[in-house]
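Within every chain, numbering begins at 1; the chains are lettered A, B, ... in the order of the sequence lines, protein sequences first and strands thereafter. Not measured: the values here are computed from a predicted model.
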Amino acid sequence: MNDLKTIRGMPDLYGENIEAISMVEKICLKTFKSFNYQEFRTPVLENKSLFDRSVGESSDIMQKEVYEFKDRKDELLCLRPEGTAGLVRALITNGLDNDEIKKFYYLGPMFRYERPQKGRKRQFFQAGVELIGDESSDADIEIILIANTILKKLNIKSKLQLNYLGDQESLEKYNEYLKEYLSGISDLPKYVMKNPIRALDSKDEGIKNKMSKAKSIKDFLNENQIEEFNKTKYKLDELEIDYSVNSRLVRGLDYYNGLVFEFLSDDLGAQNAILGGGRYDGLIKGLGGRDLPATGFALGIDRLADIIELLSIERDLFIGCVDKKSRTYAQALGYKIRKNNNSLIVENYLGNANVGKQLKKADSQGFKFAIIVGQDELKSKTLKLKNLREDKPDLELKEKDFLEHFEC
RNA sequence: GUGGGUGUAGCUCAGUUGGUUAGAGCGCCGGUUUGUGGCACCGGAGGCCGAGGGUUCAAAUCCCUUCAUCCACCCCA
């Protein structure tokens with residue numbers, strides 16, 4: 001009995017659920033390709049240490065959300081909790097960390113051991129892009145454009161929030177300042193002790209109060225950085241992309257610096273982040289590669305799938321039949337049509353329902369056209385094409401004309 | 001990991017103070033119509049009432065445990 005259950009937070013996906021997910025994936029792929037990004041597919045399993053060194057040992061993700069286990073040779077592995085670390089690892093592993101600017105996208109399942117709720121599963125799907133080797137704000141703008149394009153195509157309402165974290169140096173200074181500033185508070189959470197910047201978006205009342213009077217990260221940026229951020233904002237204005245600056249926005253993964261951003265939706269309850277990303281200039285070097293700047297984002301496919309309006313599927317031709325002989329012919333006919341025009345959705349009905357029921361089914365399943373094959377059709381070699389969507393008389397067609405009608 | 005809500009047919013949900021054979025709508029299969037749709041009518045299949053234990057003459061109903069799911073915290077995409 002127990003062995004027939006799915007693992008918590010990892011539901012079987014079928015029907016409308018998977019329709020919506022497929023739809024989101026399709027739009028993502030189309031958009032990535034239109035920006036000329038190349039696919040990168042890395043393994044679902046990695047050494048756990050990879051994520052400790054990138055996502056950050058002190059982060060919640062690594063502290064309590066990783067599926068980790070030892071394999072048969074006692075290697076400590078984990079199911080990947082996010083996509084960037086694996087891709088960066090792969091760049092280094094394969095010697096791709098050279099000076100050429102590279103643009104990659106990925107798509108696949110990620111795993112986090114969290115308590116499931118709406119918009120939060122233990123196995124979930126992310127798609128993302130990584131733009132490697134360009135340190136300019138143009139690179140940041142490019143990925144925001146990709147993100148914006150996808151959300152527009154999916155007709156999703158969302159708000160873009162930005163923040164600028166500076167570089168390693170300014171971040172470090174700010175962290176030091178915060179550490180000192182917050183030192184008055186007793187029982188500071190560990191994640192704040194290790195990475196004080198996390199206090200920025202803390203919801204703990206004590207920390208919140210104290211933080212309301214703390215210096216902003218802006219005060220630690222040098223002129224160059226302020227200018228970079230201004231450039232980015234200016235370019236977004238020019239492109240007429242709405243945004244707001246949220247100086248408390250920090251990301252849960254330790255490798256971020258420079259520009260960070262999130263797209264938020266009101267339709268998902270507490271899990272309101274549908275897409276998030278930013279710059280991670282130190283990560284490639286930090287993992288042992290060359291010192292290359294990089295920027296990217298990831299989006300939650302399931303989260304987007306949860307809020308899109310699913311379009312009803314248009315199917316093209318329903319081929320019904322009345323007995324076994326005609327079914328054989330119908331099947332051959334369907335094969336010919338699909339072979340010559342593979343964009344058509346053609347159903348060969350295999351059941352024994354009467355003609356009325358078959359047409360009813362064809363109609364309710366959204367088919368545009370239907371034919372029924374029987375003895376009459378086999379004898380006369382003509383097919384009666386019914387238009388189920390428009391009120392037009394049936395067309396009587398010879399097989400050749402019939403195929404032509406479907407552009408075969 | 002913490003707090004709360006909910007688990008009954010494929011789906012959405014009724015089910016009285018515990019009472020004998022657990023229901024509806026949609027969907028599915030079949031018929032009215034041995035070959036022509038959108039409608040209607042008739043019939044049928046499908047349930048260990050999430051799982052395990054307990055109380056009772058008797059449990060979908062009460063109690064305990066557990067699992068799943070949803071909401072909030074937390075975290076993030």
Side-chain angles (χ1 to χ4, degrees), chain A residues 1-12 14-17 24 28 55 59-65 81-84 107-128 147 151 158 189 191 198 201-205 249-253 256 261-265 268-278 296-307 318 320-323 326 351-378 384-391 394:
Chain A
M1 204 64 92
N2 214 3
D3 56 352
L4 292 180
K5 281 185 169 178
T6 53
I7 306 302
R8 181 173 166 128
M10 305 190 183
D12 296 321
Y14 61 95
E16 285 192 0
N17 290 333
V24 173
C28 287
V55 174
S59 68
D60 265 39
I61 293 178
M62 295 315 291
Q63 283 290 311
K64 48 189 192 188
E65 296 178 6
E82 59 102 46
T84 299
L107 188 155
M110 307 294 163
F111 304 84
R112 288 184 202 171
Y113 193 90
E114 297 181 272
R115 187 124 171 202
Q117 65 183 72
K118 195 165 197 71
R120 191 165 84 180
K121 303 277 175 282
R122 287 183 171 186
Q123 177 182 92
F124 56 102
F125 300 92
Q126 282 191 344
L151 297 175
S158 63
Y191 69 91
R198 308 264 355 163
D201 64 347
S202 173
K203 281 162 195 158
D204 180 283
E205 280 304 319
L249 174 66
V250 287
R251 320 248 332 123
L253 292 72
Y256 284 107
F261 60 93
E262 277 181 5
F263 283 82
L264 306 175
S265 163
L268 269 169
Q271 315 308 322
N272 63 351
I274 51 176
L275 185 153
F297 72 74
L299 61 83
I301 292 173
D302 324 57
R303 285 187 184 177
L304 294 181
D306 269 356
I307 55 180
F318 180 96
C321 56
V322 298
D323 56 27
S326 55
N352 297 311
N354 65 39
V355 173
K357 286 279 160 71
Q358 290 188 36
L359 286 169
K360 197 171 168 182
K361 187 185 280 288
D363 187 55
S364 69
Q365 289 188 0
F367 284 90
K368 284 189 253 182
F369 297 98
I371 54 168
I372 304 291
V373 181
Q375 292 307 309
D376 297 350
E377 283 77 9
L378 292 183
K384 243 186 260 176
L385 181 67
K386 297 184 80 69
N387 189 325
L388 300 176
R389 290 282 156 271
E390 295 165 57
D391 200 13
D394 300 352

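Residue contacts shown for A:Phe124 include a base, since a base heavy atom lies under 4.0 Å away. Contacts of A:Lys361 with the nucleic acid, taken as non-hydrogen atoms under 4.0 Å apart, involve only primed sugar atoms and P, OP1 or OP2. Backbone-only engagement by A:Ile274 is indicated by non-hydrogen atom pairs under 4.0 Å involving sugar-phosphate atoms exclusively. If you check every strand for non-hydrogen atoms under 4.0 Å, A:Gln358 touches nothing. Using a 4.0 Å heavy-atom distance criterion, A:Glu65 is classed as a sugar-phosphate-only contact. Contact annotation for A:Asn387: base contact, defined as any heavy-atom pair under 4.0 Å involving a base atom. Across all strands shown, A:Gly83 has no heavy atoms under 4.0 Å from either base or sugar-phosphate atoms. Contact annotation for A:Asp376: base contact, defined as any heavy-atom pair under 4.0 Å involving a base atom. Among the atoms of the strands shown, none is found under 4.0 Å from any heavy atom of A:Asp394. Across all strands shown, A:Ala353 has heavy atoms under 4.0 Å from sugar-phosphate atoms exclusively, and none from any base. Base engagement by A:Gly374 is indicated by at least one non-hydrogen atom pair under 4.0 Å involving a base atom. Across all strands shown, A:Gly128 has no heavy atoms under 4.0 Å from either base or sugar-phosphate atoms. Within 4.0 Å of A:Glu16, counting heavy atoms only, lies no atom of the nucleic acid at all. Here A:Arg120 lies in heavy-atom contact (under 4.0 Å) with a base.
At least one side-chain nitrogen or oxygen of A:Gln117 sits closer than 4.0 Å to the OP1 or OP2 atom of B:A72. Of the side-chain N and O atoms in A:Arg115, none sit less than 4.0 angstrom from OP1 or OP2 of B:C73. Considering only side-chain N and O atoms, A:Lys384 lies nowhere under 4.0 angstrom from the phosphate OP1 or OP2 of B:G37. Residue A:Lys360 places no side-chain N or O under 4.0 Å from the OP1 or OP2 atom of B:U36. OP1 or OP2 of B:A68 sits under 4.0 Å from a side-chain N or O of A:Arg8. A sub-4.0 Å separation between OP1 or OP2 of B:G31 and a side-chain N or O of A:Asn354 is present.
Distance A:Ile61 CD1 to B:C74 P: 16 Å, rounded to the nearest Å. Rounded to whole angstrom, the span from the CG atom of A:Leu4 across to the C1' atom of B:C67 amounts to 14 Å. Spacing between atom CG of A:Leu264 and atom P of B:C75 amounts to 15 Å, rounded to whole angstrom units. Look at CD on A:Gln126: it is 13 Å from C1' on B:C75, rounded to the nearest Å. Here the P atom of nucleotide B:G1 and the CD atom of A:Gln63 are 15 Å apart, to the nearest Å. Rounded to an integer number of Å, the gap from CZ of A:Arg112 to C1' of B:G1 is 17 Å.
Across all strands shown, B:G30 forms a Watson-Crick or G-U wobble pair, both distances under 3.5 Å, with B:C42. B:A14 is unpaired under the criterion used here, namely a Watson-Crick or G-U wobble arrangement in which both key atom distances are under 3.5 Å. Pair assignment for B:G7 gives B:C67, based on Watson-Crick or G-U wobble hydrogen-bonding distances that are each under 3.5 Å. Using Watson-Crick or G-U wobble geometry with both donor-acceptor distances under 3.5 Å, B:G37 finds no partner in any strand shown. Nucleotide B:A58 has no partner under the Watson-Crick or G-U criteria, as no pair reaches both atom distances under 3.5 Å. Across all strands shown, B:U2 forms a Watson-Crick or G-U wobble pair, both distances under 3.5 Å, with B:A72.
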Practice problem: Mind running salt bridge (charged side-chain N to carboxylate O under 4.0 Å, His left out) on A:Asp363 and A:Lys368 for me, showing each step along the way? | Solution: CA-CA 8 Å; A:Asp363 187 55; A:Lys368 284 189 253 182; over 6 Å; no

Quiz item: Are A:Lys384 and A:Ile372 close enough, and set up right, to give a side chain to side chain contact (heavy atoms under 4.5 Å, CB included), and what steps lead you there?
Solution: CA-CA 7 Å; A:Lys384 243 186 260 176; A:Ile372 304 291; over 6 Å; no

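A salt bridge between A:Arg251 and A:Glu262 is present, with a side-chain N of the basic residue lying under 4.0 Å from a carboxylate O of the acidic one.
Judged by closest nucleotide on RNA chain B, A:Ile7 is the one of A:Ile7 and A:Ala298 placed further toward the 5' end. Comparing A:Phe367 and A:Ile301 against RNA chain B, the residue whose closest nucleotide sits nearer the 5' end is A:Phe367.
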